[in-house]
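To start, the structure itself, in structure tokens.
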Number of protein chains: 2
Amino acid sequence: MAVDTEDAGARRTRRDVQRNMERVLQAAQELFAERGPDVKMEDVARRAGVGIGTIYRRFPSKEQLFAAVSAVACQHTRHCLAQAADDAHDPLEKLRAIILAQYRQSARQAALIDLRPDPSGVPPDLDRPGLYASIHTLLARVIAAGQRQGSIRSGDAQMLAAICLELLSPRTVQNLSRLADDDVDAAADQVVGFLTAGLRS
Amino acid sequence: MAVDTEDAGARRTRRDVQRNMERVLQAAQELFAERGPDVKMEDVARRAGVGIGTIYRRFPSKEQLFAAVSAVACQHTRHCLAQAADDAHDPLEKLRAIILAQYRQSARQAALIDLRPDPSGVPPDLDRPGLYASIHTLLARVIAAGQRQGSIRSGDAQMLAAICLELLSPRTVQNLSRLADDDVDAAADQVVGFLTAGLRS
DNA sequence: GGCGAAGCGGAAGTGAAATTCCGCTTTCGC
DNA sequence: GCGAAAGCGGAATTTCACTTCCGCTTCGCC
């Protein structure tokens, strides 16, 4: 953030610094998405085309690097989902749009960070709970709207939103997409069908 | 397995050995469930109340320890779910029973091993795919039966089963249970409602 | 109770990955 | 173009968890 701002009299941020940080974030984001949080810093450096030291100049630890990556990716996800919801009018349509957006997002390997509350304690630097909550809130609102309007059955909107959200977790998206021959749209459709109709005939 | 069998003329298995192995498996199972596969062997040893060497005497590596733990837990889960399905008559009832069984299981901290196919490659010693498949098959069969009988809407039974299974993953069970004030039965009920009725009113 | 086999604990060894450090290079402002 | 400040690369260091090893203890049998 704020890479271009400068104090009076201070030198402008060097061009190469900005370029390198972008490369590092990009590489980290890709590798994190591809292989989970256990990637080696060396690999990140290699893919970014920089030395390890360069990473550590801006990100004091691996954890903080991934917190930064996650924050960016999640901001982006949040934005996409909100956008999708805005573009649709009917609550059920909004839900469909959100799901589709998330599935397409994952297909592009972006946004693969799992935001769900992590029972294994040790909260990292990243404000996962907050990011999770913001998406959860979005869903809960849409569902509540549907309930008021009558198109969605009554029930604890928080819980219904949480259940939907589980079907949007990166892992789930990947699993289901694979089962649909990597056709994410098809997978999303199935989930939407499940969501709206349930199993009963 | 087969801890009590003995070759002719061989000394009986020492009592302490059996006791220790049980403690180790118990501790490993708890910790694995609580904190995922990144627990330290030292922690397992401490919780089990034995030295690290004792673990290594029977389990040549961390991976094999967890394979053993997983195998036991999954066998158990599989058995419980199959049992639950058997006890019910109607396919929808079977599904309800399966879900409830899994939620109760998780509440007891058992069976928290995530069997879903892991995209991050490197298949461990444990036959996760096989264990996952066996539960997936169980679900798919129940769903297909419901479809034949007419109580479940038509659609790709494999995919529907996979979606259900996602809602049974340990992480999901934990998240949703927490949201229901740790009342697993309530959480399971919500999921069942979602499953059978969907969102539409 | 005594003997020997088997098991135990946990300190030391090992290896892989994270992090530091510093001489060399690049960039910016003039 | 030049000088200084900032950044860079990556070898060396540190850290940290897995695994080994061996002197001491416990168990089962007679």
Side-chain angles (χ1 to χ4, degrees), chain A residues 2-28 31-32 34-69 120 122 124-125, chain B residues 2-28 31-32 34-69 120-122 124-126:
Chain A
V3 182
D4 264 331
T5 55
E6 57 191 285
D7 295 15
R11 220 165 239 243
R12 173 153 47 97
T13 306
R14 282 169 57 156
R15 198 82 47 80
D16 54 344
V17 172
Q18 175 133 350
R19 175 173 48 72
N20 282 334
M21 284 312 102
E22 276 162 14
R23 283 186 184 173
V24 166
L25 279 171
Q26 173 71 23
L31 284 171
F32 196 17
E34 282 169 25
R35 313 203 229 132
D38 282 351
V39 248
K40 289 179 277 187
M41 289 301 259
E42 196 192 326
D43 290 350
V44 175
R46 192 174 314 123
R47 170 147 344 176
V50 304
I52 289 190
T54 302
I55 299 181
Y56 277 93
R57 173 160 307 275
R58 306 291 165 180
F59 303 102
S61 72
K62 185 182 183 180
E63 190 177 307
Q64 284 181 64
L65 168 60
F66 285 131
V69 167
S120 51
V122 271
D125 211 329
Chain B
V3 182
D4 263 331
T5 55
E6 57 192 285
D7 295 13
R11 219 166 240 241
R12 173 152 48 98
T13 306
R14 284 170 56 157
R15 198 83 47 79
D16 54 343
V17 171
Q18 175 132 349
R19 176 174 48 72
N20 282 334
M21 285 310 103
E22 275 161 15
R23 284 186 184 174
V24 166
L25 279 170
Q26 174 71 22
L31 285 171
F32 196 17
E34 282 169 26
R35 315 205 229 129
D38 282 352
V39 252
K40 288 179 275 187
M41 290 301 261
E42 196 192 327
D43 290 349
V44 175
R46 191 173 315 123
R47 170 149 341 180
V50 304
I52 289 191
T54 303
I55 299 181
Y56 278 93
R57 174 158 308 275
R58 305 292 165 179
F59 303 101
S61 73
K62 186 183 184 180
E63 190 175 308
Q64 284 180 63
L65 168 60
F66 285 129
V69 167
S120 53
V122 270
D125 210 329
L126 165 70

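The structure presented is a predicted model; accordingly, all values stated were derived computationally and were not measured. Each chain gets a letter, A, B and so on, in the order its sequence line appears, and its residues count up from 1.
- With dT19(C), dC8(D), dT19(D) as the choices, the nucleotide that has an atom nearest any side-chain atom of K62(B) turns out to be dT19(D).
- Computed from coordinates, the E42(A) CD to dA18(C) P distance equals 9 Å when rounded to whole Å.
- If you take CD of Q18(B) and P of dG28(D), they are 11 Å apart, rounded to a whole angstrom.
- Remark: R12(B) is in phosphate contact with dC29(D), judged by side-chain N or O atoms under 4.0 Å from OP1 or OP2.
- Residue V39(B) is the one, among R15(B) and V39(B), whose nearest nucleotide of DNA chain D lies closer to the 5' end (criterion: closest heavy atom).
- If you find the closest nucleotide of DNA chain C to K40(A) and to G53(A), the one lying nearer the 5' end belongs to K40(A).
- Considering only the side chain of M41(B), dC18(D) comes nearest among dG9(C), dA6(D), dC18(D).
- Protein atom CZ of R14(A) is 5 Å distant from nucleotide atom C1' of dT26(C), rounded to whole Å.
- The phosphate of dG9(C) has neither OP1 nor OP2 within less than 4.0 Å of any side-chain N or O from R57(B).
- Residue N20(A) has no polar side-chain atom (N or O) positioned under 4.0 Å from OP1 or OP2 of dG7(D).
- The nucleotide whose nearest atom lies closest to any side-chain atom of Y56(B) is, among dG7(C), dT19(D), dC28(C), dT19(D).
- Residue R46(B) is out of contact with every strand shown, counting any heavy-atom pair closer than 4.0 Å.
- Contact annotation for R19(B): no contact, since no heavy-atom pair falls under 4.0 Å across all strands.
- Remark: P of dA6(D) and CG of D16(A) are 13 Å apart, rounded to the nearest angstrom.
- With rounding to whole Å, I52(A) atom CD1 is found 10 Å from dA11(D) atom C1'.
- What you find for K62(B) and V39(B) is that their closest heavy atoms are NZ-O, 2.9 Å.
- In this structure, D16(A) does not pair ionically with R19(A), as no charged nitrogen and carboxylate oxygen lie closer than 4.0 Å.
- Remark: P of dC18(D) and CG of L31(B) are 12 Å apart, rounded to the nearest angstrom.
- Residue R58(A) has a polar side-chain atom (N or O) positioned under 4.0 Å from OP1 or OP2 of dG7(D).
- Across all their heavy atoms, Q64(A) and F59(A) have their closest contact at O-CD2, 4.2 Å.
- Here the C1' atom of nucleotide dG7(C) and the CZ atom of F59(B) are 15 Å apart, to the nearest Å.
- When all heavy atoms are compared, the tightest approach of L25(A) to A68(A) is CD2-CB, 4.2 Å.
- Heavy atoms of V44(B) sit nowhere under 4.0 angstrom from any nucleic acid atom.
- For T54(B), counting side-chain heavy atoms from C-beta on, the closest listed nucleotide (dT19(C), dC8(C), dG7(D)) is dC8(C).
- For the pair R35(B) CZ and dA17(D) C1', the interatomic distance rounds to 14 Å; values are reported in whole Å.
- The minimum heavy-atom distance between A27(A) and R47(A), with the atom names listed, is CB-CG, 3.6 Å.
- Between T54(B) and M21(B) the shortest heavy-atom distance is O-CE, 3.6 Å.
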